[in-house]
2 protein chains.
Amino acid sequence: MKAPSDFQLQADLRRPGRRVTNQRWLILEVVRGTDSHPTAEWVYQKVRRRLPRISLGTVYRNLKLLAEEGLIQELESRGFGRYDGNTARHDHFTCQRCGRIFDLEVRVDPSLGRRIGARTGFTITHHRIEFYGLCASCVLAAGHAKGGETSKRARHRP
Amino acid sequence: MKAPSDFQLQADLRRPGRRVTNQRWLILEVVRGTDSHPTAEWVYQKVRRRLPRISLGTVYRNLKLLAEEGLIQELESRGFGRYDGNTARHDHFTCQRCGRIFDLEVRVDPSLGRRIGARTGFTITHHRIEFYGLCASCVLAAGHAKGGETSKRARHRP
DNA sequence: TTCATATTCAGGAATGATTCTTATTACTAT
DNA sequence: ATAGTAATAAGAATCATTCCTGAATATGAA
Ligand SMILES: [Mn+2]
Ligand SMILES: [Mn+2]
Ligand SMILES: [Zn+2]
Ligand SMILES: [Zn+2]
(Lines give C-alpha, C1' and ligand atoms only; values in the text may rest on other atoms or scores of the structure.)
(Ligands and ions follow the chains in the order given, each with its own letter.)
Protein backbone atom coordinates (compact mmCIF):
# COMPACT_ATOMS: atom_id res chain seq x y z
CA MET A 1 0.00 0.00 0.00
CA LYS A 2 1.91 3.02 -1.21
CA ALA A 3 1.11 6.71 -1.52
CA PRO A 4 -0.63 7.40 -4.81
CA SER A 5 1.29 9.58 -7.24
CA ASP A 6 -0.08 12.88 -8.43
CA PHE A 7 -0.59 11.21 -11.76
CA GLN A 8 -2.71 8.51 -10.18
CA LEU A 9 -4.75 11.11 -8.28
CA GLN A 10 -5.36 13.03 -11.50
CA ALA A 11 -6.68 9.85 -13.06
CA ASP A 12 -9.00 9.15 -10.15
CA LEU A 13 -10.27 12.68 -10.19
CA ARG A 14 -10.67 13.02 -13.95
CA ARG A 15 -13.65 11.00 -15.00
CA PRO A 16 -16.55 11.69 -17.36
CA GLY A 17 -18.45 14.74 -16.22
CA ARG A 18 -15.94 15.66 -13.56
CA ARG A 19 -13.33 18.40 -13.77
CA VAL A 20 -10.07 18.98 -11.99
CA THR A 21 -10.30 22.63 -11.01
CA ASN A 22 -7.56 24.49 -9.12
CA GLN A 23 -9.87 24.76 -6.16
CA ARG A 24 -10.43 21.02 -6.04
CA TRP A 25 -6.80 20.17 -6.64
CA LEU A 26 -5.54 22.62 -4.04
CA ILE A 27 -7.98 21.34 -1.42
CA LEU A 28 -6.75 17.82 -2.05
CA GLU A 29 -3.14 18.94 -1.73
CA VAL A 30 -3.80 20.73 1.53
CA VAL A 31 -5.52 17.74 3.10
CA ARG A 32 -2.81 15.38 1.85
CA GLY A 33 -0.13 17.75 3.08
CA THR A 34 -0.97 17.58 6.78
CA ASP A 35 -1.36 14.84 9.33
CA SER A 36 -3.44 17.02 11.63
CA HIS A 37 -6.86 15.70 10.54
CA PRO A 38 -8.16 19.18 9.77
CA THR A 39 -11.65 20.61 9.83
CA ALA A 40 -13.26 22.23 6.79
CA GLU A 41 -12.61 25.64 8.29
CA TRP A 42 -8.89 24.94 8.69
CA VAL A 43 -8.62 23.75 5.10
CA TYR A 44 -10.49 26.85 4.00
CA GLN A 45 -8.02 29.18 5.75
CA LYS A 46 -5.08 27.31 4.31
CA VAL A 47 -6.42 27.26 0.75
CA ARG A 48 -7.43 30.91 0.97
CA ARG A 49 -3.81 32.01 1.07
CA ARG A 50 -3.38 30.80 -2.48
CA LEU A 51 -6.90 31.30 -3.77
CA PRO A 52 -8.24 34.29 -1.84
CA ARG A 53 -11.56 34.29 -3.66
CA ILE A 54 -12.50 30.69 -2.80
CA SER A 55 -15.67 30.26 -0.76
CA LEU A 56 -16.22 28.08 2.28
CA GLY A 57 -19.06 26.31 0.50
CA THR A 58 -16.66 25.22 -2.22
CA VAL A 59 -14.37 23.72 0.39
CA TYR A 60 -17.21 21.76 1.95
CA ARG A 61 -18.51 20.58 -1.41
CA ASN A 62 -15.10 19.37 -2.54
CA LEU A 63 -14.13 17.72 0.71
CA LYS A 64 -17.29 15.68 0.46
CA LEU A 65 -16.67 14.89 -3.19
CA LEU A 66 -13.06 13.89 -2.60
CA ALA A 67 -14.15 11.61 0.21
CA GLU A 68 -16.73 9.99 -2.08
CA GLU A 69 -14.00 9.40 -4.68
CA GLY A 70 -11.96 7.74 -1.96
CA LEU A 71 -9.08 10.21 -2.27
CA ILE A 72 -9.39 11.35 1.32
CA GLN A 73 -11.37 10.00 4.25
CA GLU A 74 -13.88 11.61 6.53
CA LEU A 75 -13.48 10.89 10.23
CA GLU A 76 -16.32 10.27 12.65
CA SER A 77 -15.97 13.03 15.20
CA ARG A 78 -18.39 14.73 17.50
CA GLY A 79 -19.56 18.23 16.63
CA PHE A 80 -17.73 18.86 13.36
CA GLY A 81 -16.22 16.87 10.55
CA ARG A 82 -12.52 16.16 10.19
CA TYR A 83 -10.67 14.90 7.16
CA ASP A 84 -7.67 12.65 6.66
CA GLY A 85 -5.45 12.65 3.59
CA ASN A 86 -4.09 9.25 4.55
CA THR A 87 -6.43 6.70 3.03
CA ALA A 88 -4.46 3.70 4.23
CA ARG A 89 -6.14 1.72 6.99
CA HIS A 90 -4.91 3.11 10.32
CA ASP A 91 -6.21 3.94 13.77
CA HIS A 92 -6.27 7.14 15.82
CA PHE A 93 -5.57 8.47 19.23
CA THR A 94 -7.44 11.57 20.47
CA CYS A 95 -5.98 13.63 23.30
CA GLN A 96 -8.82 14.67 25.57
CA ARG A 97 -6.95 17.70 26.82
CA CYS A 98 -5.69 19.45 23.68
CA GLY A 99 -8.12 17.78 21.30
CA ARG A 100 -5.49 16.80 18.77
CA ILE A 101 -5.85 13.56 16.81
CA PHE A 102 -2.74 11.47 16.20
CA ASP A 103 -2.15 8.60 13.83
CA LEU A 104 -1.18 5.34 15.47
CA GLU A 105 1.95 3.80 14.08
CA VAL A 106 1.23 0.38 15.47
CA ARG A 107 -1.32 -1.60 13.57
CA VAL A 108 -4.06 -3.32 15.52
CA ASP A 109 -4.96 -6.79 14.33
CA PRO A 110 -6.60 -6.19 10.94
CA SER A 111 -8.52 -9.48 10.96
CA LEU A 112 -10.70 -8.18 13.80
CA GLY A 113 -13.62 -7.40 11.50
CA ARG A 114 -13.64 -10.84 9.95
CA ARG A 115 -13.42 -12.58 13.32
CA ILE A 116 -16.23 -10.55 14.86
CA GLY A 117 -18.36 -10.86 11.74
CA ALA A 118 -18.12 -14.63 11.82
CA ARG A 119 -19.21 -14.67 15.42
CA THR A 120 -22.10 -12.21 15.26
CA GLY A 121 -23.90 -12.69 11.96
CA PHE A 122 -23.30 -9.12 10.90
CA THR A 123 -21.74 -8.53 7.50
CA ILE A 124 -18.83 -6.36 8.48
CA THR A 125 -17.14 -4.28 5.80
CA HIS A 126 -14.80 -2.28 7.99
CA HIS A 127 -14.19 -1.10 11.51
CA ARG A 128 -12.72 1.82 13.32
CA ILE A 129 -10.73 1.90 16.55
CA GLU A 130 -10.31 5.15 18.46
CA PHE A 131 -8.13 5.51 21.53
CA TYR A 132 -8.59 8.31 24.04
CA GLY A 133 -6.43 9.74 26.79
CA LEU A 134 -3.56 12.20 27.11
CA CYS A 135 -0.74 12.88 24.68
CA ALA A 136 2.82 13.12 25.99
CA SER A 137 2.95 16.92 26.19
CA CYS A 138 -0.41 17.10 27.92
CA VAL A 139 0.70 14.56 30.52
CA LEU A 140 3.57 16.92 31.33
CA ALA A 141 1.41 20.02 31.36
CA ALA A 142 -1.18 18.31 33.54
CA GLY A 143 1.58 17.36 35.97
CA HIS A 144 2.77 20.96 36.40
CA ALA A 145 -0.68 22.38 36.88
CA LYS A 146 -1.43 20.29 39.95
CA GLY A 147 -4.37 21.70 41.87
CA GLY A 148 -5.19 24.56 39.51
CA GLU A 149 -7.78 24.71 36.77
CA THR A 150 -6.11 27.88 35.56
CA SER A 151 -3.57 26.47 33.13
CA LYS A 152 -5.83 24.34 31.00
CA ARG A 153 -4.50 24.91 27.54
CA ALA A 154 -6.88 26.15 24.90
CA ARG A 155 -8.08 23.30 22.72
CA HIS A 156 -6.60 22.85 19.30
CA ARG A 157 -8.94 22.76 16.39
CA PRO A 158 -6.92 22.33 13.21
CA MET B 1 -20.27 -5.63 36.43
CA LYS B 2 -24.01 -5.65 37.14
CA ALA B 3 -26.87 -3.33 36.38
CA PRO B 4 -27.16 -0.67 39.07
CA SER B 5 -30.33 -0.70 41.14
CA ASP B 6 -32.71 2.22 41.16
CA PHE B 7 -31.56 2.87 44.70
CA GLN B 8 -27.96 3.13 43.56
CA LEU B 9 -28.92 5.46 40.72
CA GLN B 10 -30.81 7.69 43.14
CA ALA B 11 -27.69 7.91 45.25
CA ASP B 12 -25.51 8.82 42.28
CA LEU B 13 -27.96 11.43 41.15
CA ARG B 14 -28.66 12.92 44.55
CA ARG B 15 -25.66 14.92 45.60
CA PRO B 16 -25.21 18.34 47.16
CA GLY B 17 -26.79 20.96 44.97
CA ARG B 18 -28.40 18.45 42.65
CA ARG B 19 -32.00 17.37 42.61
CA VAL B 20 -33.81 14.34 41.28
CA THR B 21 -36.71 15.85 39.33
CA ASN B 22 -39.32 13.77 37.53
CA GLN B 23 -38.01 15.07 34.24
CA ARG B 24 -34.49 13.93 35.03
CA TRP B 25 -35.57 10.59 36.42
CA LEU B 26 -37.88 9.84 33.53
CA ILE B 27 -35.22 10.70 30.96
CA LEU B 28 -32.84 8.32 32.68
CA GLU B 29 -35.48 5.58 32.71
CA VAL B 30 -36.23 6.03 29.03
CA VAL B 31 -32.57 5.83 28.02
CA ARG B 32 -32.02 2.83 30.27
CA GLY B 33 -35.16 1.18 28.92
CA THR B 34 -34.05 0.84 25.33
CA ASP B 35 -31.09 -0.68 23.54
CA SER B 36 -31.65 1.44 20.44
CA HIS B 37 -29.07 4.13 21.24
CA PRO B 38 -31.59 6.93 20.86
CA THR B 39 -31.16 10.53 19.83
CA ALA B 40 -32.27 13.43 22.03
CA GLU B 41 -35.32 13.91 19.84
CA TRP B 42 -36.40 10.30 20.28
CA VAL B 43 -36.03 10.53 24.04
CA TYR B 44 -38.01 13.76 23.96
CA GLN B 45 -40.92 12.15 22.11
CA LYS B 46 -40.91 9.18 24.48
CA VAL B 47 -40.78 11.29 27.65
CA ARG B 48 -43.43 13.65 26.33
CA ARG B 49 -46.10 10.96 26.58
CA ARG B 50 -45.78 11.03 30.34
CA LEU B 51 -44.73 14.65 30.82
CA PRO B 52 -46.40 16.55 27.99
CA ARG B 53 -45.11 19.90 29.17
CA ILE B 54 -41.41 18.97 29.11
CA SER B 55 -39.23 20.97 26.73
CA LEU B 56 -36.63 19.69 24.32
CA GLY B 57 -34.01 21.86 25.98
CA THR B 58 -34.60 20.06 29.25
CA VAL B 59 -33.99 16.74 27.53
CA TYR B 60 -30.71 17.96 26.07
CA ARG B 61 -29.57 19.47 29.36
CA ASN B 62 -30.31 16.31 31.33
CA LEU B 63 -28.85 13.90 28.82
CA LYS B 64 -25.62 15.83 29.05
CA LEU B 65 -25.77 15.95 32.83
CA LEU B 66 -26.53 12.24 33.14
CA ALA B 67 -23.60 11.46 30.87
CA GLU B 68 -21.33 13.62 33.02
CA GLU B 69 -22.50 11.71 36.10
CA GLY B 70 -21.61 8.51 34.30
CA LEU B 71 -25.16 7.17 34.47
CA ILE B 72 -25.47 6.95 30.69
CA GLN B 73 -22.96 7.29 27.92
CA GLU B 74 -22.81 9.54 24.92
CA LEU B 75 -21.79 7.91 21.66
CA GLU B 76 -19.54 9.46 19.06
CA SER B 77 -21.70 9.73 15.99
CA ARG B 78 -21.65 12.04 13.03
CA GLY B 79 -24.35 14.68 12.70
CA PHE B 80 -26.24 14.16 15.93
CA GLY B 81 -25.66 12.72 19.36
CA ARG B 82 -26.83 9.30 20.49
CA TYR B 83 -27.07 7.98 24.00
CA ASP B 84 -26.64 4.57 25.57
CA GLY B 85 -28.13 3.48 28.88
CA ASN B 86 -25.70 0.60 29.08
CA THR B 87 -22.60 1.96 30.80
CA ALA B 88 -20.74 -1.33 30.75
CA ARG B 89 -17.84 -1.45 28.34
CA HIS B 90 -19.07 -2.82 25.05
CA ASP B 91 -18.66 -2.28 21.33
CA HIS B 92 -21.10 -1.44 18.55
CA PHE B 93 -22.05 -2.37 15.06
CA THR B 94 -23.67 0.21 12.79
CA CYS B 95 -25.70 -0.94 9.78
CA GLN B 96 -24.91 1.37 6.90
CA ARG B 97 -28.21 0.67 5.19
CA CYS B 98 -30.82 1.13 7.93
CA GLY B 99 -28.62 3.21 10.24
CA ARG B 100 -29.39 1.15 13.34
CA ILE B 101 -26.74 0.65 16.00
CA PHE B 102 -26.46 -2.77 17.63
CA ASP B 103 -24.61 -3.86 20.75
CA LEU B 104 -21.98 -6.50 20.20
CA GLU B 105 -22.34 -9.50 22.44
CA VAL B 106 -18.81 -10.70 21.90
CA ARG B 107 -16.20 -8.82 23.82
CA VAL B 108 -13.14 -7.67 21.95
CA ASP B 109 -9.88 -8.03 23.84
CA PRO B 110 -10.19 -5.46 26.64
CA SER B 111 -6.43 -5.20 27.19
CA LEU B 112 -6.08 -3.50 23.80
CA GLY B 113 -5.75 -0.03 25.30
CA ARG B 114 -3.01 -1.05 27.67
CA ARG B 115 -1.06 -2.85 24.97
CA ILE B 116 -1.24 0.05 22.52
CA GLY B 117 -0.49 2.58 25.23
CA ALA B 118 2.68 0.76 26.20
CA ARG B 119 3.82 0.76 22.61
CA THR B 120 3.03 4.34 21.66
CA GLY B 121 3.76 6.59 24.61
CA PHE B 122 0.19 7.84 24.77
CA THR B 123 -1.60 7.63 28.10
CA ILE B 124 -4.70 5.74 27.05
CA THR B 125 -7.72 5.84 29.33
CA HIS B 126 -10.19 4.06 27.09
CA HIS B 127 -10.93 3.11 23.52
CA ARG B 128 -13.86 2.56 21.27
CA ILE B 129 -14.36 0.03 18.49
CA GLU B 130 -17.07 0.54 15.91
CA PHE B 131 -17.91 -2.01 13.26
CA TYR B 132 -19.74 -1.10 10.05
CA GLY B 133 -21.56 -3.11 7.42
CA LEU B 134 -24.99 -4.66 6.92
CA CYS B 135 -27.27 -6.19 9.51
CA ALA B 136 -28.95 -9.52 8.79
CA SER B 137 -32.27 -8.09 7.63
CA CYS B 138 -30.58 -5.55 5.39
CA VAL B 139 -28.48 -8.26 3.75
CA LEU B 140 -31.76 -9.99 2.85
CA ALA B 141 -33.43 -6.80 1.64
CA ALA B 142 -30.39 -5.86 -0.43
CA GLY B 143 -30.46 -9.32 -2.02
CA HIS B 144 -34.11 -8.94 -3.15
CA ALA B 145 -33.64 -5.50 -4.57
CA LYS B 146 -30.95 -6.55 -7.03
CA GLY B 147 -30.43 -3.88 -9.67
CA GLY B 148 -32.92 -1.37 -8.31
CA GLU B 149 -32.26 1.67 -6.19
CA THR B 150 -35.99 1.90 -5.61
CA SER B 151 -36.41 -0.21 -2.51
CA LYS B 152 -33.84 1.39 -0.27
CA ARG B 153 -35.50 1.37 3.09
CA ALA B 154 -35.86 4.70 4.86
CA ARG B 155 -33.17 5.14 7.48
CA HIS B 156 -34.01 4.58 11.09
CA ARG B 157 -33.29 7.40 13.47
CA PRO B 158 -34.36 6.37 16.94
C1' DT C 1 -11.59 28.38 -33.37
C1' DT C 2 -16.20 28.57 -32.14
C1' DC C 3 -20.16 26.95 -30.07
C1' DA C 4 -23.11 24.30 -27.04
C1' DT C 5 -23.45 22.17 -22.83
C1' DA C 6 -22.49 20.65 -18.33
C1' DT C 7 -19.84 21.52 -14.37
C1' DT C 8 -18.22 24.39 -10.93
C1' DC C 9 -17.94 28.54 -8.71
C1' DA C 10 -18.85 32.64 -5.18
C1' DG C 11 -21.93 34.56 -2.31
C1' DG C 12 -25.36 34.33 0.56
C1' DA C 13 -29.67 32.32 2.45
C1' DA C 14 -31.53 28.28 4.71
C1' DT C 15 -31.30 24.31 7.70
C1' DG C 16 -30.95 21.52 11.73
C1' DA C 17 -28.94 20.04 15.94
C1' DT C 18 -27.57 21.92 20.07
C1' DT C 19 -26.83 25.47 23.54
C1' DC C 20 -27.99 29.73 25.87
C1' DT C 21 -30.99 33.21 28.07
C1' DT C 22 -34.64 34.61 30.97
C1' DA C 23 -38.52 34.70 33.70
C1' DT C 24 -40.99 31.34 36.43
C1' DT C 25 -41.57 27.28 39.27
C1' DA C 26 -40.26 23.62 42.54
C1' DC C 27 -37.47 21.90 46.12
C1' DT C 28 -34.75 22.03 50.44
C1' DA C 29 -33.22 23.55 54.59
C1' DT C 30 -33.83 26.62 58.09
C1' DA D 1 -43.61 30.13 56.34
C1' DT D 2 -39.42 32.07 54.38
C1' DA D 3 -35.29 32.44 51.96
C1' DG D 4 -32.20 30.59 48.93
C1' DT D 5 -30.90 27.47 45.30
C1' DA D 6 -31.65 24.47 41.36
C1' DA D 7 -34.40 23.23 37.52
C1' DT D 8 -37.82 24.23 34.21
C1' DA D 9 -40.42 25.92 29.71
C1' DA D 10 -40.16 28.71 25.94
C1' DG D 11 -37.93 30.48 22.61
C1' DA D 12 -33.83 33.06 20.78
C1' DA D 13 -29.14 32.42 19.40
C1' DT D 14 -25.29 29.77 17.68
C1' DC D 15 -22.64 27.04 14.74
C1' DA D 16 -21.40 23.74 11.28
C1' DT D 17 -23.08 22.36 7.17
C1' DT D 18 -25.98 22.28 3.06
C1' DC D 19 -28.65 24.41 -0.43
C1' DC D 20 -29.76 27.87 -3.93
C1' DT D 21 -28.76 31.35 -7.42
C1' DG D 22 -26.92 33.34 -11.42
C1' DA D 23 -22.33 33.95 -13.39
C1' DA D 24 -18.02 31.94 -14.94
C1' DT D 25 -15.37 28.37 -16.93
C1' DA D 26 -13.73 23.98 -18.80
C1' DT D 27 -14.51 20.53 -22.21
C1' DG D 28 -15.47 18.20 -26.45
C1' DA D 29 -17.72 18.22 -30.84
C1' DA D 30 -18.26 20.55 -35.13
MN1 LIG E 1 -5.07 9.62 10.29
MN1 LIG F 1 -24.69 0.04 23.38
ZN1 LIG G 1 -2.67 16.71 24.27
ZN1 LIG H 1 -29.78 -2.78 8.60
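Protein chains get the first letters and strands the later ones, always in sequence-line order, with residue 1 at the start of each. It should be emphasised that the depicted structure is a prediction, and the values quoted were computed from it without experimental measurement.
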Using heavy-atom distances to pick each residue's nearest nucleotide on DNA chain D, tell me which of B/S55 and B/R78 is more 5'. B/S55
Is it the case that D/dA7 (base atoms only) and B/R24 (side chain only) share a donor and an acceptor within less than 3.5 Å, ignoring hydrogens and angles? no
Is there a donor-acceptor contact under 3.5 Å from the side chain of B/R24 to the main chain of B/R19? yes
Judged by atom type as modelled, is there a donor-acceptor pair below 3.5 Å linking the side chain of B/R89 to the main-chain atoms of B/H127? yes
Spacing of A/L26 atom CG relative to C/dT8 atom C1', expressed in whole Å: 15 Å
Taking atom C1' of D/dA7 as reference, at what distance in whole Å does atom CG of B/N62 sit? 8 Å
Map B/G57 and B/N22 onto DNA chain C by nearest heavy atom, then report which one ends up closer to the 5' terminus. B/G57
Between D/dA10 (C1') and B/L51 (CG): distance, integer Å: 16 Å
Any donor and acceptor pair, going by atom type alone, linking the side chain of B/T123 with main-chain N or O of A/G133 inside 3.5 Å? no
What about A/R19, does its side chain sit under 3.5 Å from the base of C/dT8 through a donor-acceptor pair? no
Can you tell me the distance, in whole Å, between the OH atom of A/Y60 and the C1' atom of C/dA10? 16 Å
For a quick check of understanding: with a heavy-atom distance under 4.0 Å over all strands, which category does B/E41 fall into, base, sugar-phosphate or nothing? nothing
Touch class at under 4.0 angstrom, heavy-atom based, for B/R61 against every strand present: base
Does A/R53 reach a base, just sugar-phosphate, or nothing at all? Heavy atoms under 4.0 Å. sugar-phosphate
Between P on D/dA7 and CG on B/L65, what's the gap in Å once rounded to a whole number? 7 Å
Between A/R82 and A/L75 (side chain of the first, backbone of the second, donor and acceptor by atom type, cut-off under 3.5 Å), is there such a pair? no
Which of the following nucleotides, C/dC9, D/dC19, C/dT18, is nearest to the side chain of A/K64? D/dC19
